[in-house]
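Predicted model only: the values in this text are computed from it and were never measured.
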Amino acid sequence: MPQSSVSNPATTELAQHVAEGLRKTPKALSSMYFYDDAGSRLFQQIMDLPEYYPTRAEFAIFREHGAALAAALSPAGSAGFSLVELGAGDGAKTKLLLRELLRTETDFTYAPVDISAGAMTGLVDMLRQELPALRVAPVVEAYATALTQLRTWPGSKAVLFLGSNIGNFGPAERLDFLRQLAAPLGPADRLLIGFDLQKDPRRIRAAYDDAQGITAAFNLNLLTRLNRELGADFDLAHWQHYTDYSPLSGAVRSFLVSTRAQAVHIAALEETVDFAAWEVIHTENSFKFTLPQIEALAAEVGLRVVRVFTDAAGDFADVVLAARKE
């Protein structure tokens with residue numbers, strides 16, 4: 001069995017999360033731990049799958065409405081503003097917006113936020129090569145820390161939270177997070193959030209359980225990570241991926257399912273965890289929204305909808321929000 005030390009802070013955090021998550025009923029682990037190197041590569045494959053529409057839909061919005069998006073995010077009469085992106089990733093969609101702002105000679109600084117210094121270095125190097133005129137001020141911090149810092153930033157700002165990441169929060173967490181996003185916004189500031197919209201339930205479910213099994217491999221890779229980093233002995237032959245979607249709640253839920261009664265030892269925790277046959281580990285939520293729900297959600301946290309941009313099929317919405325006028 002591979003052994004693992006918990007002296008690394010990231011490993012210690014993972015170990016603590018696993019210890020707490022596997023004591024819950026039902027057992028649960030956060031989807032944030034999907035993204036080790038292998039998980040990130042698998043997610044890149046998922047985004048190219050025919051069933052996985054969200055990335056293509058949001059790209060279409062940025063291609064078709066780039067000029068209008070840039071105008072909606074640029075404070076009128078401002079001498080310059082900060083374009084702050086939470087979780088920039090590879091920056092592929094954002095580059096379309098950045099190019100549009102540069103084309104119109106808008107005075108702005110791009111401030112990508114990511115907790116991973118390695119990911120940030122790669123993004124900044126790429127941007128310096130592809131967009132040498134762009135001013136970049138990277139922020140290597142957790143979201144919560146970066147949002148606190150935003151309160152003290154001079155000038156106006158537009159904050160981006162793209163993809164369908166807002167859907168990964170449960171209802172209570174979502175409200176808390178949106179309140180954090182809204183708190184540092186002044187009257188001229190803007191917030192752009194991506195929302196996956198409700199649609200044919202079969203299409204939604206297929207996007208999270210593709211025919212090639214890439215999403216299943218992505219989910220199961222979490223167990224491989226626990227084996228490697230925490231010295232666990234999950235036997236992947238006795239686990240499977242399962243996803244369901246409820247049109248009533250708008251929630252996609254993903255699970256790892258134990259196909260037999262089994263005991264898993266986790267060396268880093270010095271614990272053995274028992275699983276009953278067909279017991280699940282809940283690994284991810286992905287909520288889907290309607291436009292009225294988005295308006296109500298914004299109002300509940302002190303925001304208002306400024307503009308809504310959708311793709312031609314109405315699969316996805318990028319919503320520009322601002323602080324509600326008193």
Side-chain angles (χ1 to χ4, degrees), residues 1-43 86-87 89 113-120 139-149 161 163 165-181 217-236 238-239 241-242 251 253-258 261-276 279-287:
M1 177 193 306
Q3 297 298 311
S4 174
S5 167
V6 293
S7 58
N8 183 305
T11 303
T12 303
E13 178 186 314
L14 174 61
Q16 181 178 346
H17 175 77
V18 171
E20 293 172 357
L22 296 185
R23 292 184 186 120
K24 292 179 180 177
T25 303
K27 295 178 173 69
L29 296 173
S30 171
S31 58
M32 69 179 287
Y33 293 107
F34 282 158
Y35 298 93
D36 61 355
D37 289 344
S40 296
R41 287 193 297 271
L42 286 164
F43 189 68
L86 303 179
V113 178
D114 200 295
I115 199 168
S116 167
M120 186 64 74
V139 180
V140 181
E141 296 284 2
Y143 290 170
T145 305
L147 290 171
T148 300
Q149 292 176 354
F161 192 55
N165 294 320
I166 194 67
N168 294 138
F169 293 97
E173 295 172 306
R174 185 186 310 133
L175 285 171
D176 288 345
F177 182 69
L178 287 173
R179 287 190 179 101
Q180 289 181 59
L181 286 179
F218 177 63
N219 206 6
L220 287 161
N221 180 65
L222 178 57
L223 301 184
T224 301
R225 178 177 185 179
L226 301 187
N227 286 349
R228 180 182 67 252
E229 296 188 23
L230 301 185
D233 60 359
F234 286 95
D235 184 345
L236 271 62
H238 301 299
W239 289 87
H241 162 75
Y242 178 74
R253 298 183 301 168
S254 296
F255 304 91
L256 291 165
V257 184
S258 173
Q262 56 185 310
V264 176
H265 184 68
I266 304 174
L269 303 180
E270 299 182 346
E271 287 186 24
T272 297
V273 181
D274 292 320
F275 294 89
E279 185 176 0
V280 303
I281 304 173
H282 182 197
T283 56
E284 185 176 32
N285 289 322
S286 185
F287 283 84

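- Listed by chain and number, the residues in a side chain to side chain contact (heavy atoms under 4.5 Å, CB included) with Ala144 are Gln180 (sequence neighbours excluded).
- Applying the ring pair (Phe, Tyr, Trp, His ring centres under 6.0 Å) criterion to His238, with sequence neighbours excluded, gives no partner residue.
- Applying the side chain to side chain contact (heavy atoms under 4.5 Å, CB included) test to Thr145 and every residue at least two apart in sequence or in another chain returns Glu141, Ala142, Gln149.
- With sequence neighbours left out, the side-chain hydrogen bond (donor to acceptor under 3.5 Å, both in side chains) criterion links Asn165 to no other residue.
- Judged as a ring pair (Phe, Tyr, Trp, His ring centres under 6.0 Å), and not counting sequence neighbours, Tyr242 has no contacts.
- With sequence neighbours excluded, the residues forming a salt bridge (charged side-chain N to carboxylate O under 4.0 Å, His left out) with Asp36 are Arg228, listed by chain and number.
- Phe177 pairs by the ring pair (Phe, Tyr, Trp, His ring centres under 6.0 Å) definition with Phe161, Phe169, not counting sequence neighbours.
- With sequence neighbours excluded, the residues satisfying salt bridge (charged side-chain N to carboxylate O under 4.0 Å, His left out) with Asp176 are Arg179.
- Contacts of Phe34 classified as ring pair (Phe, Tyr, Trp, His ring centres under 6.0 Å), with partners at least two apart in sequence or in another chain: Phe218.
- Inspection of the Gln262 and Ser258 side chains reveals an N or O donor paired with an N or O acceptor under 3.5 Å.
- For His282, the side-chain hydrogen bond (donor to acceptor under 3.5 Å, both in side chains) partners two or more places apart in sequence, or in a different chain, are Asn285.
- Here salt bridge (Lys or Arg N to Asp or Glu O under 4.0 Å) pairs that include residues 24-34, with residues two or more places apart or in two chains, are Lys27-Glu279.
- Evaluation of the salt bridge (charged side-chain N to carboxylate O under 4.0 Å, His left out) rule for Arg174 yields no partner, not counting sequence neighbours.
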